[in-house]
Amino acid sequence: MQTAEQARDIARGFLLVALPEGGSGAEAVLLVVSELFANAGQHASAVTGFRLEARPGAVAVAVGDASTLPPRPRPLDPRTPGRFGWNLVREPSAEVQVKMHAAGKTVTATVRCPTGIGPQPPA
């Protein structure tokens with residue numbers, strides 16, 4: 001997968017199953033997918049991994065890239081375009097994790113939304 005548009009298409013199909021009611025949770029997941037892909041493309045030149053996971057009451061979006069630099073918020077400046085992508089990931093997310101590894105990093109954002117998946121029994 002190469003583009004944010006392709007990732008959104010995959011996410012829409014996933015959300016039809018995971019969030020059959022749709023709603024604002026689905027829109028928030030699509031926003032997070034778009035921004036994580038855009039950030040990876042802009043700051044690391046490419047996405048190296050993409051995963052969606054339905055959890056009880058949430059959807060996790062994980063995007064990997066080859067950069068070893070962690071994401072960071074940038075000061076907003078009306079004279080400079082952009083600089084708000086990281087905020088657009090963090091704002092709708094209940095949790096955001098950045099895991100560094102030898103090949104770069106993976107950012108996982110968890111968006112609360114009614115998935116219809118209940119708690120899993122202990123193994």
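FYI, side chains are in, hydrogens and waters are out, and symmetry mates aren't considered; it's all heavy atoms of this structure.
By the salt bridge (charged side-chain N to carboxylate O under 4.0 Å, His left out) test, Arg12 is found to be paired with Asp9, residues two or more places apart in sequence or in another chain being considered. Legend: residues meeting side chain to side chain contact (heavy atoms under 4.5 Å, CB included) with Ala60, ordered by chain and number and at least two apart, are Glu53, Arg55, Thr108, Thr110. The side chain to side chain donor-acceptor pair (under 3.5 Å) test applied to Glu91 returns no partner, not counting sequence neighbours. With sequence neighbours excluded, no residue satisfies salt bridge (charged side-chain N to carboxylate O under 4.0 Å, His left out) with Arg112. A search for salt bridge (charged side-chain N to carboxylate O under 4.0 Å, His left out) contacts involving Glu27 returns nothing, not counting sequence neighbours.
When side chains are defined from C-beta on, Phe50 does not count as touching Leu36, because their heavy atoms never get closer than 4.5 Å. No side-chain heavy atom of Pro71 sits under 4.5 Å from any side-chain heavy atom of Asn39. In this structure, the side chains of Gln6 and Arg8 stay at 4.5 Å or more apart for every pair of heavy atoms. Val33 places none of its side-chain heavy atoms less than 4.5 Å from the side chain of Phe14. Contact of the Thr106 side chain with the Val63 side chain is not registered, since no non-hydrogen atoms from C-beta on lie closer than 4.5 Å.
Within the structure, salt bridge (Lys or Arg N to Asp or Glu O under 4.0 Å) contacts touching residues 102-111 (residues at least two apart or in different chains) are Asp65-Lys105.
In terms of modelled atom types and a separation under 3.5 Å, the side chain of Ser93 and the main chain of Glu95 share no donor-acceptor contact. Judged by distance alone, the side chain of Ser45 and the main-chain N or O of Gly41 form no donor-acceptor pair under 3.5 Å. Glu35 contributes no side-chain N or O that, together with a main-chain N or O of Val32, makes up a donor-acceptor pair within less than 3.5 Å.
Between Ala26 and Leu15, the shortest heavy-atom contact is O-CD1, 3.7 Å. Annotation for Pro92 and Leu31: closest pair CG-CD2, 4.5 Å, computed over non-hydrogen atoms. A pairwise comparison of heavy atoms in Ala4 and Ser34 identifies CB-O, 4.1 Å as the closest pair. Closest approach of Val47 and Ala40 over heavy atoms only: CG2-CB, 3.7 Å. The shortest non-hydrogen separation linking Gly25 to Leu19 is C-CD1, 4.1 Å.
Criterion: ILVMFWY side-chain heavy atoms under 4.5 Å apart, direct or through other members. Under it, Leu16 and Val29 are not part of a common hydrophobic cluster. Criterion: ILVMFWY side-chain heavy atoms under 4.5 Å apart, direct or through other members. Under it, Leu69 and Phe37 are not part of a common hydrophobic cluster. Met100 is connected to Val61 through a chain of hydrophobic side-chain contacts under 4.5 Å among Ile, Leu, Val, Met, Phe, Trp and Tyr, so both are in one cluster.
The distance from the CG atom of Leu52 to the CD1 atom of Ile10 is 8.0 Å, given to the nearest 0.5 Å.
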